[in-house]
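Below: one structure, written as structure tokens.
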Amino acid sequence: MLTRIEATAACDSVFGLKNAVEQAQTLVLQHEAITLSQQDFAALLGALGTPAQPVPVLQRAFARHVVQVR
């Protein structure tokens with residue numbers, strides 16, 4: 001059986017750990033979330049909906065890759 005001091009220390013540890021995890025989750029969300037204005041969001045959706053034009057340098061790189069990987 002735990003003494004009162006041991007039980008208090010255990011509760012403090014659990015509280016401290018829970019608090020640390022919550023703060024870490026908040027910090028991660030602050031650095032991973034992107035907030036856009038409605039205008040920027042519309043521009044992003046427009047860009048995502050438009051097919052990219054082929055880039056000659058990448059086309060040559062892919063062609064070299066196909067030859068080298070065979």
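Nothing here was measured: the structure is a model prediction, and the numbers come from that model. We're numbering straight along the sequence, starting at 1. All heavy atoms count here, side chains included; hydrogens, waters and symmetry mates do not.
No more than 12 heavy atoms of other residues, nucleotides or ligands sit less than 6.0 Å from atom CD of Q38. The neighbour count for Q39 CD, taken as heavy atoms of other residues, nucleotides or ligands under 6.0 Å away, does not exceed 12.
Closest non-hydrogen pair, G49 versus P51, comes out as O-CD, 3.7 Å.
The side chain to side chain donor-acceptor pair (under 3.5 Å) analysis of residues 46-56, with sequence neighbours excluded, yields no pairs.
Under the side-chain contact (heavy atoms from CB on, under 4.5 Å) test applied with V28, the options E32, Q30, H31 reduce to a single match, E32.
When the side chains of ILVMFWY residues are joined at heavy-atom separations under 4.5 Å, either directly or via intervening members, F62 and V55 end up in a single hydrophobic cluster.
The shortest side-chain heavy-atom distance between Q23 and L27 does not fall under the 4.5 Å cut-off.
Qualifying side-chain hydrogen bond (donor to acceptor under 3.5 Å, both in side chains) partners for S37, counting only residues two or more places apart in sequence or in other chains: D40.
L48 shares a hydrophobic cluster with I34, L36, F41, L44, L45; the chain of contacts runs through ILVMFWY side chains whose heavy atoms sit under 4.5 Å apart.
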